[in-house]
Amino acid sequence: MSIQKNYEEIIQSLPANVKLVAVSKTHPAEAIQEVYNLGQRVFGENKVQEMVAKQPVLPNDIQWHLIGHLQSNKVKYVAEFVDTIESVDSEKLLEEINKQAAKHNRKIKVLLQVKIAEEDSKTGMEVSETKELFLKYLQGHFENIEITGLMGIGTFTDDTEQTKREFLFLKRLFDQLSVQKKLETLSMGMSGDYQLAIECGSTSVRIGSSIFGARDYSI
Ligand SMILES: *Cc1c(COP(=O)(O)O)cnc(C)c1O
């Protein structure tokens with residue numbers, strides 16, 4: 001397995017309007033540096049502790065995306081440097097991000113995570129809650145936050161019709177909300193389903209194992 005070969009294949013397969021978030025969770029800083037040296041700047045981690053450990057030892061023009069469930073009391077550890085929090089799944093969390101961003105006198109970009117999986121109980125908000133939160137944002141409640149789009153995780157299944165339904169469901173909501181404020185990021189698609197996600201309108205794919213190889217959680 002060659003990280004360089006994997007990365008180049010992925011990059012070549014992505015349409016020009018689709019951004020890549022290289023998901024580096026469980027992989028060491030050296031592997032991230034290798035992909036950085038190939039030109040990648042956006043990296044995704046799902047745990048605060050891991051992101052906080054890696055960030056200081058890697059180049060500071062990396063755009064860090066938090067993609068995993070985030071507890072409100074941990075926002076403070078990433079507020080100074082995180083580029084985008086993709087996994088906003090409650091108003092409480094959004095309020096805390098806003099507060100911590102204000103402390104650092106900056107704006108943090110966020111995506112609202114919507115529950116799209118029909119079967120898996122993956123985290124994310126229901127559509128009604130997502131719309132309410134977006135409306136509050138439009139009314140000016142969260143000054144130190146910019147909602148740049150939506151994120152969703154499809155069901156882990158071989159049934160591509162089901163995954164397609166889930167992606168199109170999120171795309172429809174994205175288009176609806178975009179009428180009120182132009183949104184730029186529709187984050188959906190991982191190693192196993194990113195091509196389908198792109199067909200369904202994804203503008204940002206989160207790819208880990210197809211770049212870095214399989215993850216080893218035993219170490
Ligand atoms: C781990 C993870 C990914 C990447 O998964 P791969 O299948 O390795 O590409 C994408 N999104 C989220 C939210 C993840 O936690």
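Remember, it's 1-based here, ligands and their atoms both numbered in the order they're listed.
- For E143, the CD atom sits in a loose shell: 12 or fewer heavy atoms of surrounding residues, nucleotides or ligands are nearer than 6.0 Å.
- For ligand 1, the atoms closer than 4.0 angstrom to any heavy atom of S209 are 6 (P), 7 (O), 8 (O), 9 (O).
- With hydrogens left out, the protein atom closest to atom 11 (N) of ligand 1 is R206 NE, 2.8 Å, a heavy atom.
- For atom 12 (C) of ligand 1, the closest heavy atom belonging to the protein is I67 CD1, 3.5 Å.
- Atom 2 (C) of ligand 1 has its closest protein heavy atom at K25 NZ, 2.6 Å.
- By the 4.5 Å heavy-atom criterion applied to side chains, Q33 and L58 are counted as neighbours.
- Within a 6.0 Å radius of NZ in K164, other residues, nucleotides and ligands contribute 12 heavy atoms or fewer.
- The residue among R215, K47, H65, M190 with a heavy atom at the shortest distance from atom 10 (C) of ligand 1 is M190.
- In terms of protein heavy-atom proximity, atom 9 (O) of ligand 1 is closest to S191 OG, 2.5 Å.
- Within a 6.0 Å sphere centred on NZ of K76, other residues, nucleotides and ligands contribute more than 12 heavy atoms.
- Classified by interplanar angle (parallel below 30°, tilted 30° to 60°, perpendicular above 60°), the ring pair H27/F212 is parallel.
- Remark: ligand 1 and S210 share no N or O pair separated by less than 3.5 Å (distance only, no angle test).
- Among the atoms of G192, none of the N or O lies under 3.5 angstrom from an N or O of ligand 1.
- Checked for salt-bridge contact, E95 and K99 miss the test: no charged N lies under 4.0 Å from a carboxylate O.
- Every atom of ligand 1 is numbered from 1 in the order shown, and the set under 4.0 Å from a heavy atom of I207 is 9 (O).
- Enclosure of atom NZ in K25 by more than 12 non-hydrogen atoms of other residues, nucleotides or ligands within 6.0 angstrom is indicated.
- Proximity to I153 (heavy-atom distance under 4.0 Å) selects the following atoms of ligand 1: 13 (C).
- Ligand 1 places these atoms under 4.0 Å from at least one heavy atom of G208: 4 (C), 6 (P), 8 (O), 9 (O).
- Although no hydrogens or angles enter the test, the distance criterion places no donor-acceptor pair under 3.5 Å between the side chain of E80 and the main chain of H104.
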